[in-house]
Number of protein chains: 2
Amino acid sequence: MNRVLNMTERKQKILAAVVESYIRTGEPVGSKNLMGELDFSVSSATIRNEMADLAEMGYLEQPHTSAGRVPTTLGYRYYIDKLMNKMELNEADCKSITKTVSSGSGDPEQLLEKAGEVIANLTNCAAITTMPAGDKATVRRAEIVPVSNRTAMIVLLTSAGTLKSKACRSDMPITPQTVERFYNVCASHFVGRPLEEIGTVMLQTLVASLGEHALEMSPFFVALADLANDALSSDVLLEGQSNLFNHRELGGNVIELMEFLRKGDPLAKLIAGGTDDVDIKIGTENKYKQLANSSVIISHYDINGERSGALGIIGPTRLNYAKLIPYMQFVSGLVGKILTETLDEQ
Amino acid sequence: MNRVLNMTERKQKILAAVVESYIRTGEPVGSKNLMGELDFSVSSATIRNEMADLAEMGYLEQPHTSAGRVPTTLGYRYYIDKLMNKMELNEADCKSITKTVSSGSGDPEQLLEKAGEVIANLTNCAAITTMPAGDKATVRRAEIVPVSNRTAMIVLLTSAGTLKSKACRSDMPITPQTVERFYNVCASHFVGRPLEEIGTVMLQTLVASLGEHALEMSPFFVALADLANDALSSDVLLEGQSNLFNHRELGGNVIELMEFLRKGDPLAKLIAGGTDDVDIKIGTENKYKQLANSSVIISHYDINGERSGALGIIGPTRLNYAKLIPYMQFVSGLVGKILTETLDEQ
DNA sequence: TTTAGCACTCGAAATAAAAGAGTGCTAAAG
DNA sequence: CTTTAGCACTCTTTTATTTCGAGTGCTAAA
């Protein structure tokens, strides 16, 4: 025994056929059925031997002894990297996507929400989208607006077009002088500076320098720091969550999966990483165990040539990669283009 | 035959015992089991007769011929209106609720989110909360802030402390004059006036009067009208949706139910109606067919003595009404108190 | 190296049987 | 007239048993 197994061309063809058949039907695929799907004629026994080899090599596995074969994570990976032929985009689909996505009023949040919806419907998966990153955003404007005697809204607008606000309560009455003082401090210390600089340390020294007004002003600066943090942590939108119910193979884990998706934080991390144009994580390739039965396709978008955010889908491992990857690229490209136009600085 | 069936005291006791037992266990309750739960001794046969009567009267029903009895909508209703003894609030719970809910920074949205979470955890149901109604809110401030050459944020702050914003794109460059002009128009026409007045009709006449600037300004006013509408339609927050999975009796309908909850609109209507302090809708009493197997408990909160919003839970009909109703009242009372303090005008 | 043939495995579906909980009715007792 | 013991009957749930079929792995011949 202990022979060496090489990946031959025939094995590749068989692997591709298994993957594609499984993606299409969701049923483990057996040697007989596979005969009809190959562009060369061999007996089922031959295919069986090849499949046994592929299983030994780690590309296929059997749910149980007498069932057909199913691709492993490794099998999908090999298929995607070496075997898959990306499908062309359907002209009509492109048009309708473009129409839907660009129908908004120019509001980035609305745009990404729409894009998420489109993707979710198109792919029958859950879609996640991130708002344009605020990493390098600067403060464009910061002010307080009183809403009652002791409560004011703190408003922060960034150069990335993100606007965050928050009510804040003070122990002392809010006078027009308070408002003006806050405005002046912001204008001189924050406007035009990166959001990151509004940290608690910075604030402490600042508040200290305010002397007699320190007590009065400090809650507002604390709130402002909160807002800056908010604006920095890019928002994640989730659409079409319930599409996941349509995929039986996710089984009872759908609930855990949805619970996982509900928390925005890991999602943000999920979508953040990766340097490629399109990131694909299959099953156990995902760092989060809740995603062990899912695949994730993430496609980034650029604003003014700079990586700014991403769109992604989450579904069963059995995704139609050949079709969906080009779609994701198309939509993210579109989003990037629209946002570049919208937020263009000059 | 055709005898008249009267509700006797014994029947009431039996009905209450059935309802309470079913709420506790989720199993149809049979005559023998019920014997142990009554404060008087009769044979199971007697109970059987009484239960048959209650079934004929419409308060109980059988899932199938040889199963125990389950309360009908009518049965629950009778129990809640006439038989139920509200449970006292647990001192420790109150404290921890108060602590959690009031731990925020004074932001109403954050407050209601926290309150929703608390309720969801406490009741193991989905919780809905509405932001304070903007019905009578007036415009406190409206302005545009440029974020790029042709894009600006429209910002609207209402007297109710709601702040809405939206990006808006113009076909012409946005100049400081544009900003000032917008500000002036808003100051003279909108500030201090009810939100409702910013309708499209009003806008049309206004834009017409702008003469040469009409084209330049109109997209902003349209966006402003959008924002006003947004601010008027009270936002609904949903928490603990996934708790619904824990209730097996909701069966396969959980998915439809969640899908229904995802759309905010019917939720808003659901929570809006009702004049009582606490509204309870049991199963088919709900107007929406998706809620036919669910119960809804809604408790309103007042700000400055005026009905302003509500907190609600959605769960199976088999809710522990005696315990949850007081809890809902407590939390909504608390929310009202905190918001009154926060938004107090004087 | 490929292929036909065949025994074997294992899950899924179908069928049968048994168990159990609860009812409704009857007839006797209070 | 009301209550209760007794009992046959109904219907779901559970468990056991069987059957079926798809698919494999192995062997031996081409």
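The model shown is predicted, which means the values in this text are computed figures rather than measured ones. Computed from heavy atoms alone, side chains included, the values below leave out hydrogens, waters and symmetry copies. Letters go in sequence order (proteins before strands), and every chain restarts at 1.
Straight-line distance from the NE2 atom of A/H64 to the P atom of D/dG21: 16 Å, rounded to whole Å. Taking atom CZ of B/R48 as the reference point, atom P of D/dT3 lies 14 Å away to the nearest angstrom. Between the C1' atom of D/dA22 and the CE atom of A/M35 lies a distance of 13 Å, rounded to the nearest Å.
Near DNA chain C, meaning a heavy atom under 4.0 Å away, there are no residues from residues 22-33 of chain A.
The residues A/R69 and A/E61 are annotated as not salt-bridged, no charged nitrogen and carboxylate oxygen being separated by less than 4.0 angstrom. Ion pairing between A/E50 and A/R10 holds under the 4.0 Å rule for side-chain N and carboxylate O.
Considering only heavy atoms from C-beta on, A/I313 comes within 4.5 Å of A/L324 through its side chain. No side-chain heavy atom of B/L311 sits less than 4.5 Å from a side-chain heavy atom of B/I128. Residues A/S295 and A/Y321 have side chains in contact (heavy-atom distance under 4.5 Å, counting atoms from C-beta outward).
When the local axes at the two ends of the helix from C/dT1-D/dA30 to C/dG30-D/dC1 are compared, using 5 base pairs at each end, they differ in direction by 20° after rounding to 10°.
Of the two residues contacting DNA chain D, namely B/N49 and A/A67, the nearest-nucleotide position lying further toward the 5' end is that of B/N49. Between B/A45 and B/T65, the residue whose closest nucleotide on DNA chain D is further toward the 5' end is B/A45.
In summary, of the residues considered (B/R24, B/E20, B/K13), a side-chain contact (heavy atoms from CB on, under 4.5 Å) with B/E37 occurs for B/R24 alone. With B/T284 as the fixed residue, the side chain to side chain donor-acceptor pair (under 3.5 Å) test singles out one of B/N293, B/T317, B/T73: B/T73.
The base of D/dT10 sits within donor-acceptor range of the side chain of B/S66, with an N or O pair under 3.5 Å.
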